[in-house]
Amino acid sequence: MVKDMLKPSPEDEKRKHKLKRLVQTPNSFFMDVRCLDCFTITTVFSHAQTVVYCNNCSTMLCTPTGGQARLSEGCSYRKKTS
């Protein structure tokens with residue numbers, strides 16, 4: 001099977017390391033997280049290294065892991081666009 005190196009498929013580009021892609025892009029992003037209790041929206045970094053709490057009700061929204069932050073049970077999120 002012949003592969004076109006100048007026009008790789010989006011699936012192949014997503015699997016590559018962030019520095020070895022045709023156009024270098026980061027894996028991290030900012031996201032809007034909605035609190036389960038009071039429904040306020042808080043902006044959180046996807047690879048947050050500290051525990052993030054809700055500003056209104058002090059509910060824990062996400063916890064850090066080795067890579068991406070883990071959202072609490074029941075919290076919903078959406079990626080922020082620039």
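Atom CZ of Arg21 has more than 12 neighbouring heavy atoms from other residues, nucleotides or ligands inside a 6.0 Å radius.
Clustering of Ile, Leu, Val, Met, Phe, Trp and Tyr by side-chain heavy atoms under 4.5 Å joins Leu61 with Phe29, Met31, Val33, Val44, Val52, Leu71, Tyr77.
Here Lys16 pairs with Glu13 in a salt bridge; the nearest charged N to carboxylate O distance falls below 4.0 Å.
Using a 4.5 Å heavy-atom threshold, the side chains of Cys62 and Val51 count as separate.
The line from CZ of Phe30 to CZ of Arg78 is 15.5 Å long, rounded to the nearest 0.5 Å. In this structure, CE on Met60 lies 9.0 Å from SG on Cys75, to the nearest 0.5 angstrom. Residue Lys80 holds its NZ atom at 8.5 Å from CD1 of Ile41, rounded to the nearest 0.5 Å. Atom-to-atom distance recorded for Leu22:CG and Met5:CE is 9.0 Å, nearest 0.5 angstrom.
The shortest non-hydrogen separation linking Pro64 to Ala48 is CB-O, 3.6 Å. In plain terms, the two heavy atoms of Lys18 and Thr25 that are nearest each other are CB-O, 3.3 Å.
Pairs engaging residues 36-54 under the side chain to side chain donor-acceptor pair (under 3.5 Å) rule: Asp32-Thr43, Asp37-Thr59 [sequence neighbours left out].
Partners of Leu19 under the side-chain contact (heavy atoms from CB on, under 4.5 Å) rule, at least two apart in sequence or in another chain, are His17, Gln24.
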